[in-house]
K.L.:
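This structure is in structure tokens; I'll ask about it shortly.
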Amino acid sequence: MNYKSPLADPKNRAILRLLQKKPRAPISELARKIGMSNPAVKERVLRLEESGILEGYRLELNPEAFGYHVIAFVRIRPLPGHVSKVAELVQSMPQVTECHRITGEDCFILKLYLREISDLDSALGKILAHGQTTTSIVQASPVPPRSLPIGDAP
């Protein structure tokens with residue numbers, strides 16, 4: 001089978017770069033900027049979505065606008081037999097915006113948003129029933145969340 005990745009096509013990579021800068025760009029704008037017809041670009045975007053390369057479009061909210069002024073990263077070392085319980089618990093906590101299963105002494109690292117530092121005790125209290133935690137409070141974010149670079153074909 002002679003399968004060629006959609007990322008091997010420079011036009012597809014150009015579409016992805018444009019969508020990185022402006023995810024709400026209309027098809028007509030994308031088409032104009034890469035010199036293709038609207039239907040051709042729409043079909044390419046659809047294929048990028050169907051292939052799983054383009055997973056979705058994000059809404060980014062300012063946490064401080066919603067009263068979340070503190071960001072913390074929490075590493076969790078679950079008690080024996082509590083790995084699945086910790087995973088279920090943090091999935092149910094709306095202030096947890098990311099949770100990753102990791103290697104090393106700890107099993108999880110999560111990103112937690114708090115309205116104020118005193119809210120940390122309540123959040124950690126739920127987790128401490130299932131394991132040990134190590135918490136780091138974010139002072140600054142010199143690199144905000146961003147997409148991966150779209151280089152040449154893999």
K.L.:
Would you check if the side chain of S92 reaches a backbone N or O of L89 as a donor-acceptor pair within less than 3.5 Å?
P.N.:
yes
K.L.:
For K111, I'd like to know if atom NZ has over 12 heavy atoms of other residues, nucleotides or ligands within 6.0 Å.
P.N.:
yes
K.L.:
Once rounded to the nearest 0.5 Å, what's the spacing between atom CG of L54 and atom CD of Q20?
P.N.:
10.0 Å
K.L.:
So does R115 get a backbone contact from the side chain of Q95, meaning a donor-acceptor N/O pair under 3.5 Å?
P.N.:
no
K.L.:
Going by the rule side chain to side chain contact (heavy atoms under 4.5 Å, CB included), which residues pair with E29 if we only count those two or more places apart in sequence or in a different chain?
P.N.:
K22, A25, P26, R32, K33
K.L.:
Yes or no on side chain to side chain contact (heavy atoms under 4.5 Å, CB included) for L112 and L120, after CA distance, side-chain angles and deciding distance?
P.N.:
CA-CA 9 Å; L112 179 69; L120 185 60; 4.0 Å; yes
K.L.:
Using 0.5 Å steps for rounding, measure from the OH atom of Y113 to the CD atom of E64.
P.N.:
10.0 Å
K.L.:
Working to the nearest 0.5 Å, report the span between NE2 of H69 and CD1 of I71.
P.N.:
11.5 Å
K.L.:
I need the T135 OG1 to L124 CG distance, nearest 0.5 Å.
P.N.:
4.5 Å
K.L.:
Is there side-chain contact between N12 and I53, with at least one heavy-atom pair below 4.5 Å?
P.N.:
no
K.L.:
Decide side chain to side chain contact (heavy atoms under 4.5 Å, CB included) for V90 and V74; before the verdict, give the C-alpha distance in whole Å, the side-chain angles of both, and the deciding distance to 0.1 Å.
P.N.:
CA-CA 11 Å; V90 297; V74 180; over 6 Å; no
K.L.:
Walk me through whether D119 and V70 qualify under side chain to side chain contact (heavy atoms under 4.5 Å, CB included).
P.N.:
CA-CA 9 Å; D119 294 337; V70 180; over 6 Å; no
K.L.:
So do Y57 and E49 actually touch side chain to side chain, heavy atoms under 4.5 Å?
P.N.:
yes
K.L.:
Taking L18 as the starting point, is it possible to reach L46 by hopping between hydrophobic residues whose side chains are less than 4.5 Å apart?
P.N.:
no
K.L.:
Check whether any side-chain N or O of R13 sits under 3.5 Å from a backbone N or O of L7 as a donor-acceptor pair, and report yes or no.
P.N.:
yes
K.L.:
Taking side-chain contact (heavy atoms from CB on, under 4.5 Å) as the criterion, tell me which of I15, L16, L19 meets it with I150.
P.N.:
L16
K.L.:
Between V138 and A140, what is the shortest heavy-atom contact and its length?
P.N.:
CG1-O, 3.5 Å
K.L.:
Which heavy-atom pair separates P144 from P142 by the least distance, and what is that distance?
P.N.:
CD-O, 3.7 Å
K.L.:
About how many Å separate SG of C107 and CG of L79, when rounded to the nearest 0.5 Å?
P.N.:
10.5 Å
K.L.:
Could you tell me whether the side chain of S37 and the main chain of A40 form a donor-acceptor pair under 3.5 Å?
P.N.:
yes
K.L.:
What's the separation between atom OG1 in T133 and atom CZ in F108, rounded to the nearest 0.5 Å?
P.N.:
13.5 Å
K.L.:
Going by ring-ring contact (aromatic ring centres under 6.0 Å, His included), name the residues that satisfy it together with H82, two or more places apart in sequence or in a different chain.
P.N.:
H130
K.L.:
Give the cluster check for L114 versus I109: same hydrophobic cluster or not, with ILVMFWY residues linked at side-chain heavy-atom distances below 4.5 Å.
P.N.:
no
K.L.:
How about R44 and D9: do any of their side-chain heavy atoms sit closer than 4.5 Å?
P.N.:
yes
K.L.:
Which residues satisfy the salt bridge (charged side-chain N to carboxylate O under 4.0 Å, His left out) test with E50, sequence neighbours excluded?
P.N.:
none
K.L.:
Any donor and acceptor pair, going by atom type alone, linking the side chain of D106 with main-chain N or O of R75 inside 3.5 Å?
P.N.:
no
K.L.:
Should F73 and L128 be regarded as members of a common hydrophobic cluster, given that ILVMFWY residues are connected when their side-chain heavy atoms come within less than 4.5 Å of each other, either directly or indirectly?
P.N.:
no
K.L.:
Give me the atom names and distance for the closest heavy-atom approach of C99 to V96.
P.N.:
CB-CG1, 4.4 Å
